[in-house]
Amino acid sequence: MAESGFFPNEFNKEQDPSSPETATANHLLSLPYSSFSDRLKITALHLKETIVKETWGSSGKHLKDYTMYTGALGTAFLVFKAYQVTHNKNDLKLCKDILKACDSASFGDRHVTFICGQAGVSALGAVVAKQSNDDNLCDHYLKRFREIKLPKDLPNELLYGRAGYLWACLFLNKNLGEKTISSALMRTVTVEIVKAGRKMSTRECPLMYEWHGKRYWGGAHGLAGIMNVLMDLALTEDELEDVKGTLFYMIKNRFPSGNYPSSEGRESDRLVHWCHGAPGVALTLAKAAKVFGDDEFHKAAVDAGEVVWERGLLKRVGICHGISGNAYVFLSLYRLTGDVKFLYRAKAFASFLHENALMLISEGTMHGGDRPFSLFEGIGGMAYLFLDMIDPSEARFPAYEI
């Protein structure tokens, strides 16, 4: 592999993406959107079959990894997405079967979040059961969810901490009704997150957190992910001000390039991933622009998007640290601004993947992920993006944008 972590972006940024005369060497990108999305849909459904065969067909009920991030729950999440697009009842049944195995595998596990723990299994299980009109099964998963105990030493970040548990609560309330998980329970956890952040605050930054000895800034383990979840919760005025101040601190201390450090004091301007760098921060800032109605957040979100456009065609395929995840930045900015330029950019990244990813992975030029069929590291994320591109106004970064 070449030294650079990303491919040069050769898409013509000077072209007007809304113009019918827009020409491109990439045939798929030049198609009308309906034809483009049809092509992506066909490919996504083929990929889904391969992913199911590799992650479920060979393992069946004996799961080594049940998680959303790299395991079978990620496959269930993809299959459920396919059902939402095609309404194929076989996908719904398959999703329920995978979830049943994940439920058994996750029982008693100490991890409690949506992406990497029991909460993801129970929350998705309840939603899928409701979609199947199986009230008894839905009640089973909700009971499982309510039995989850949060350890006192739980961190606060998204993948393994309190923010990841609260995201599961938000997912349930969005899909099953606002009172599914009580506001009192969510408030208790929210207070703990704010309290921990204030304890580590600095004169410049109202909220700060540590995970494994580092004060991370990104979506997976740091400030961006935690602020992203907090903005969806009921906060007091002073808590909102702390979130706002923390985000302003991040904007003020970004790199001259517009990218963001992976952690406090980190001077290496290298990573442009959802987990570390501008992409995860961009998604959070786009939400902040809506929550606070502040032009500075709007501008900062767009500025972070420029970093992703320039340096985001990564030599990796996945959602967490790959092109698939980075494409969601443009979908989020498209929803925020209504500017067709951002839809064009999402289309460009998706086109690059569609035309090149499998070939580049096979020849070793692109990293296919340590778990190559998983949702967050592998081609599962690419398939999910392709399905999301069918209706870009409703696209959401999996397990991050609610």
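The model shown is predicted, which means the values in this text are computed figures rather than measured ones. Just so it is clear, the values below take in all heavy atoms, side chains as well, and ignore hydrogens, waters and symmetry mates.
Defined by atom type and a distance below 3.5 Å, a donor-acceptor pair is present between the side-chain atoms of Asp109 and Tyr66. Side-chain contact, Asn259 with Ser257: no donor N or O sits under 3.5 Å from an acceptor N or O. Side chains of Asp391 and Ser393: a donor on one and an acceptor on the other come within 3.5 Å.
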Side chain to side chain contact (heavy atoms under 4.5 Å, CB included) assessment of Asn9 paired with Trp309: CA-CA 7 Å; Asn9 188 342; Trp309 181 239; 3.3 Å; yes
Stepwise salt bridge (charged side-chain N to carboxylate O under 4.0 Å, His left out) test for Glu237 and Lys244: CA-CA 10 Å; Glu237 285 189 21; Lys244 194 174 184 179; over 6 Å; no
Residue pair Asp388, Tyr328: steps toward the side chain to side chain donor-acceptor pair (under 3.5 Å) verdict: CA-CA 9 Å; Asp388 247 348; Tyr328 277 95; 2.8 Å; yes
Residue pair Tyr69, Cys320: steps toward the side chain to side chain contact (heavy atoms under 4.5 Å, CB included) verdict: CA-CA 9 Å; Tyr69 191 86; Cys320 182; 3.1 Å; yes
Phe7/Lys315 under side chain to side chain contact (heavy atoms under 4.5 Å, CB included): CA gap, chis, key distance, verdict: CA-CA 7 Å; Phe7 298 102; Lys315 293 183 177 179; 3.6 Å; yes
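Atom NZ of Lys174 has more than 12 heavy atoms from other residues, nucleotides or ligands within 6.0 Å. Within 6.0 Å of the CD atom in Glu147, the count of heavy atoms belonging to other residues, nucleotides or ligands exceeds 12. By the 6.0 Å contact criterion, CD on Glu363 is enclosed, its count of non-hydrogen atoms from other residues, nucleotides or ligands being greater than 12. Open room surrounds NZ on Lys130; 12 or fewer heavy atoms of other groups in view lie less than 6.0 Å from it. At most 12 heavy atoms of other shown residues, nucleotides or ligands fall within 6.0 angstrom of atom CZ in Arg270. Taking a 6.0 Å sphere around CZ of Phe107, one finds it holds 12 or fewer heavy atoms contributed by other residues, nucleotides or ligands.
Between Glu306 and Arg311, no side-chain nitrogen of the basic residue sits less than 4.0 Å from a carboxylate oxygen of the acidic one, so the salt-bridge criterion is not met. Taking the charged nitrogens against the carboxylate oxygens, Asp295 and Lys299 have no contact shorter than 4.0 Å, which rules out a salt bridge. Ion pairing between Lys93 and Asp97 holds under the 4.0 Å rule for side-chain N and carboxylate O.
Between Phe171 and Phe77, the ring planes lie tilted relative to each other; the angle falls in the 30° to 60° range. Relative orientation of the His221 and Tyr160 rings is parallel, given thresholds of 30° and 60° on the angle between their planes.
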Would you tabulate the side-chain donor-acceptor contacts of residues 42-52 under 3.5 Å, counting partners in other chains and residues two or more places apart, or write 'none'?
unit_1	atom_1	unit_2	atom_2	d
Thr43	OG1	Arg39	O	3.2
Thr43	OG1	His354	NE2	2.7
Lys48	NZ	Asp91	OD1	2.7
Lys48	NZ	Asp91	OD2	3.2
Thr50	OG1	His46	O	3.4

Can you give the donor-acceptor pairs under 3.5 Å from side chains of residues 245-253 to other protein atoms, not counting sequence neighbours?
unit_1	atom_1	unit_2	atom_2	d
Thr246	OG1	Leu207	N	3.2
Thr246	OG1	Asp242	O	2.7
Tyr249	OH	Glu264	OE1	3.3
Tyr249	OH	Glu264	OE2	2.4
Asn253	ND2	Tyr249	O	2.8

Using a 3.5 Å cut-off and no angle test, enumerate the donor-acceptor pairs between side-chain atoms of residues 369-383 and protein atoms at least two apart in sequence or in another chain.
unit_1	atom_1	unit_2	atom_2	d
Ser374	OG	Arg371	O	2.8
Ser374	OG	Glu377	N	3.2
Ser374	OG	Gly378	N	3.3
Glu377	OE1	Asp370	N	3.3
Glu377	OE1	Arg371	N	3.1

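Distance alone, capped at 3.5 Å, places no donor-acceptor pair between the Glu210 side chain and the Lys214 backbone. Formation of a donor-acceptor pair under 3.5 Å by the Ser37 side chain with backbone atoms of Tyr33 is found in this model. Judged purely by atom type and a 3.5 angstrom limit, Asp134 has no side-chain atom pairing as donor or acceptor with the backbone of Ala129. Side-chain atoms of Lys347 come within 3.5 Å of backbone atoms of Leu29 as a donor-acceptor pair (strictly under, hydrogens ignored). Side-chain atoms of Ser362 come within 3.5 Å of backbone N or O of Met359 as a donor-acceptor pair. Checked by atom type and distance alone, the side chain of Thr113 pairs as donor or acceptor with a backbone atom of Leu159 at under 3.5 Å. No donor-acceptor pair closer than 3.5 Å links the side chain of Ser263 to the backbone N or O of Arg266. A donor-acceptor pair under 3.5 Å is formed between the side chain of Thr188 and the backbone N or O of Ala184. Glu241 contributes no side-chain N or O that, together with a main-chain N or O of Asp238, makes up a donor-acceptor pair within less than 3.5 Å.
Annotation: the span from Glu394 atom CD to Leu331 atom CG amounts to 11.5 Å, rounded to 0.5 Å. A distance of 12.0 Å separates NE2 of His27 from CZ of Phe36, quoted to the nearest 0.5 Å. For the atom pair CD (Gln131) and CG (Leu124), the distance works out to 11.0 Å, reported to the nearest 0.5 Å. To the nearest 0.5 Å, atoms CZ (Arg254) and OH (Tyr260) are separated by 4.5 Å. Distance SG/Cys275 to NE2/His321: 6.0 Å, rounded to 0.5 Å. Distance NE2/His273 to CD1/Ile319: 13.5 Å, rounded to 0.5 Å.
In this structure, Tyr334 has its ring center no closer than 6.0 Å to that of Tyr344. Between Phe349 and Phe330, the distance separating the two ring centers is shorter than 6.0 angstrom.
Residues Leu137 and Lys96 have side chains in contact (heavy-atom distance under 4.5 Å, counting atoms from C-beta outward). The shortest distance between side-chain heavy atoms of Val281 and Trp217 does not fall below 4.5 Å. Leu73 places none of its side-chain heavy atoms less than 4.5 Å from the side chain of Thr67. Here the side chains of Leu92 and His87 are not in contact, with every heavy-atom distance at 4.5 Å or above. Proximity of Leu333 to Asp339: side-chain heavy atoms (C-beta onward) are nowhere separated by under 4.5 Å. Under the 4.5 Å side-chain criterion, counting only non-hydrogen atoms from C-beta, Phe6 is not in contact with Val272.
Residues that satisfy the side-chain contact (heavy atoms from CB on, under 4.5 Å) test with Asn228, not counting sequence neighbours, are Thr284, Lys287, Tyr400. For Asp103, the salt bridge (Lys or Arg N to Asp or Glu O under 4.0 Å) criterion is met by Arg144, not counting sequence neighbours. Applying the ring-ring contact (aromatic ring centres under 6.0 Å, His included) criterion to Tyr209, with sequence neighbours excluded, gives no partner residue.
Taking each heavy atom of Gly305 and Ala282 in turn, the nearest pair found is N-CB, 4.5 Å.
With a 6.0 Å cutoff to the six-membered ring centre and a 45° limit on the axis angle, Lys41 does not count as a cation-pi contact of Phe386.
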